[in-house]
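For reference, the structure discussed in these notes is given below.
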Amino acid sequence: MGAHNRHIQITGANVHNLKHVSVAIPRNALIVVTGVSGSGKSSLAFDTLYAEGQRRFVESLSAYARQFLDRMARPDVEQITGIPPAIAIEQKTISKNPRSTVGTTTEVYDYLRLLFGRIGQTHCASCNEVVRKDNPTAVADLLAKRTDARLLVLFPIAHHDNQGPEAELRNILEKGFVRLWNSEQNEMVDLDESSLHTIAEQIQDYRVVADRLVIREDSETHARVAEAVEVAFAEGNGKCSVYDMADSTTAHFSTIYECASCGIEYDEPEPRLFSFNNPRGACPECQGFGRIIGIDEELVFPDLDTTLSNPKSIAPFSTPKH
């Protein structure tokens, strides 16, 4: 990287108190400009550096955005190189709209919404795993790459409000699934009429075996993997698990945008989720305004030891009007 990329180079600045000053300011660093009064601090930082950076930045914005920004004159300087867009933030409110920020005024906010909405990743608040939406084809292609792996393709037992555990197991048996996997004991269990009652008592520990596979590098195996995964997603209401018998690990997949491990559903990232002007993205407490109106109980009842019979127990009733 050249020196001009590592520094902002100001050459021959003659703004106000500056007399042909040349300076190289490091980029990607916190720079503090100090000096006695009248030494040219503001002339260098604001009237030279910020003025030129802001001028170039404003020229790149739309005509609509430029009308809200002050235009600064070109500083009296021979040359400035390596300068990025510049924003100066003062300790005062420049807009009466509480939703107006540096991001909205400069239109950077719109690009950030697109960035987070399109390529952002959601992490589960419980286990920190990446939340994604799977599909049978992608899962089958992933499993087909695990050559020589011995896998069990599983799906959860459905739960209907109008059916008990034994009825759910009988439905599975009638569909032709005769094996279950006990996830607590890591063992295969045969499903038949004689075992329905015993399994029903601990039904939450079981998953249905859609197929047992040994991954080979041939088209027949890939087709079988794809079929097993598709059946598992269909019968498991969009959920599928794959147990690796070699290392005793289980991978969870889901066609719903949720954490496959925890089962917590999330909203898919989209630009409106990051908009404080949209009800879906705005804070539910302040509606995106950054403030809420409420009653401070300590101000209403300043002395909690008094009773309501005391006329001064409720401050608003005893405070004179102004």
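On a predicted model such as this, the values are computed, not experimentally measured, just so you know.
Nearest heavy-atom pair, G263 versus E258, reported as atom, atom and distance to 0.1 Å: O-OE1, 3.5 Å. Closest heavy-atom contact between A24 and Q9: CB-OE1, 3.3 Å. Annotation for C124 and C127: closest pair SG-N, 3.6 Å, computed over non-hydrogen atoms. The minimum heavy-atom distance between P84 and R27, with the atom names listed, is CB-NH2, 3.8 Å. For A210 against A232, the heavy-atom pair with the smallest separation is CB-CB, 4.3 Å. Closest approach of I264 and S126 over heavy atoms only: CD1-CB, 3.9 Å.
Hydrophobic cluster membership differs between V130 and I119, with clusters built from Ile, Leu, Val, Met, Phe, Trp and Tyr side chains linked at under 4.5 angstrom. Clustering ILVMFWY residues whenever any of their side-chain heavy atoms sit less than 4.5 angstrom apart, transitively, puts L49 in the very cluster that holds I31. F233 is not connected to V208 by any chain of hydrophobic side-chain contacts under 4.5 Å among Ile, Leu, Val, Met, Phe, Trp and Tyr, and they are in different clusters. I172 and L154 fall into different hydrophobic clusters, where Ile, Leu, Val, Met, Phe, Trp and Tyr are joined by side-chain heavy atoms under 4.5 Å apart, directly or via other members. Linking ILVMFWY residues whenever their side-chain heavy atoms come closer than 4.5 Å, directly or via other members, leaves V225 and V231 in distinct clusters.
Clustering of Ile, Leu, Val, Met, Phe, Trp and Tyr by side-chain heavy atoms under 4.5 Å joins Y111 with none of the others. I256 belongs to no hydrophobic cluster, as no Ile, Leu, Val, Met, Phe, Trp or Tyr side chain comes under 4.5 Å of its own.
One finds the CZ atom of R207 at 9.0 Å from the SG atom of C240 (value rounded to the nearest 0.5 Å). Distance CG/L180 to CG/L169: 6.5 Å, rounded to 0.5 Å. Rounding to the nearest 0.5 angstrom, the gap separating the CG atom in L196 from the CG atom in D192 is 7.0 Å. Atom CG of N135 is separated from atom OG1 of T255 by 9.0 Å, given to the nearest 0.5 angstrom. Put simply, NZ on K145 and CD1 on I215 are 13.0 Å apart, with the number rounded to the nearest 0.5 Å. The structure places OG1 of T122 at 8.5 Å from CG of L273, a figure rounded to the nearest 0.5 Å.
With respect to the salt-bridge test (charged N to carboxylate O, under 4.0 angstrom), the residues R56 and E59 do not qualify.
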Report the C-alpha distance between L18 and L44 in whole Å, list the side-chain angles of each, state the deciding distance to 0.1 Å, and finish with yes or no for side-chain contact (heavy atoms from CB on, under 4.5 Å).
-> CA-CA 7 Å; L18 303 178; L44 176 64; 4.1 Å; yes

Q: Evaluate side chain to side chain donor-acceptor pair (under 3.5 Å) for E217 paired with T147, printing each intermediate quantity in order.
A: CA-CA 7 Å; E217 294 183 353; T147 306; 3.3 Å; yes

Would you sort out whether I199 and E166 count as a side-chain contact (heavy atoms from CB on, under 4.5 Å), showing the intermediate values? CA-CA 8 Å; I199 296 175; E166 288 193 30; over 6 Å; no

- Item | Full working for side chain to side chain donor-acceptor pair (under 3.5 Å) between Q204 and Q202 | CA-CA 6 Å; Q204 69 276 4; Q202 299 291 331; 3.1 Å; yes

message = Determine whether R179 and V189 satisfy the following criterion, side-chain contact (heavy atoms from CB on, under 4.5 Å), listing intermediate values before the conclusion.
response = CA-CA 6 Å; R179 291 185 178 86; V189 177; over 6 Å; no

* To do: Check step by step if side-chain contact (heavy atoms from CB on, under 4.5 Å) holds for V229 and L143.
  => CA-CA 10 Å; V229 171; L143 298 180; 3.9 Å; yes

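Partners of R216 according to the side chain to side chain contact (heavy atoms under 4.5 Å, CB included) rule, which considers only residues two or more places apart in sequence or in another chain, are D148, V214, D218, T221. Residues passing the salt bridge (Lys or Arg N to Asp or Glu O under 4.0 Å) test with R212, sequence neighbours excluded: none. For D211, the salt bridge (Lys or Arg N to Asp or Glu O under 4.0 Å) partners two or more places apart in sequence, or in a different chain, are R224.
Listed by first and then second residue, the salt bridge (charged side-chain N to carboxylate O under 4.0 Å, His left out) pairs involving residues 259-271 are K133-E268, D267-R280, E270-R272, E270-R280 (not counting sequence neighbours).
The neighbour count for E298 CD, taken as heavy atoms of other residues, nucleotides or ligands under 6.0 Å away, does not exceed 12. E235 CD: more than 12 foreign heavy atoms inside a 6.0 Å radius. Residue F116 qualifies as open at atom CZ: its count of foreign heavy atoms under 6.0 Å is 12 or below.
Judged by distance alone, the side chain of T48 and the main-chain N or O of S43 form a donor-acceptor pair under 3.5 Å. Remark: side-chain polar atoms of H123 are paired, donor with acceptor, to backbone N or O of N128 under 3.5 angstrom. Not a single donor-acceptor pair under 3.5 Å links the side chain of D76 to the backbone N or O of V15. S39 places a side-chain N or O within 3.5 Å of a backbone atom of V36 that can act as its donor or acceptor partner. Judged by distance alone, with hydrogens and angles left aside, the side-chain atoms of N14 form a donor-acceptor pair with the main-chain N or O of H20 at under 3.5 Å. Side chain of K239 to backbone of S254: no donor-acceptor contact under 3.5 angstrom is found. In this structure, S22 contributes its side chain and G12 its backbone to a donor-acceptor pair below 3.5 Å.
With contacts defined as side-chain heavy-atom distances shorter than 4.5 Å, the pair S313/T307 does not qualify. Proximity of V209 to F177: side-chain heavy atoms (C-beta onward) are nowhere separated by under 4.5 Å. By the 4.5 Å heavy-atom criterion applied to side chains, M188 and L152 are counted as neighbours. Contact of the T81 side chain with the Q79 side chain is registered, since non-hydrogen atoms from C-beta on lie closer than 4.5 Å. Looking only at side-chain heavy atoms (C-beta outward), H252 and V242 stay at 4.5 Å or farther from each other. Side-chain atoms of I10 and I25, non-hydrogen and from C-beta on, do get closer than 4.5 Å to each other. A 4.5 Å side-chain heavy-atom check between S195 and L191 finds at least one atom pair inside the cut-off. No side-chain heavy atom of P75 sits under 4.5 Å from any side-chain heavy atom of D47.
In this model, no donor atom of one side chain and acceptor atom of the other lie less than 3.5 Å apart for S183 and Y243.
Two rings, from Y266 and Y257, have their centers 6.0 Å or more apart. Here Y206 and W181 keep their ring centres 6.0 angstrom or further from each other.
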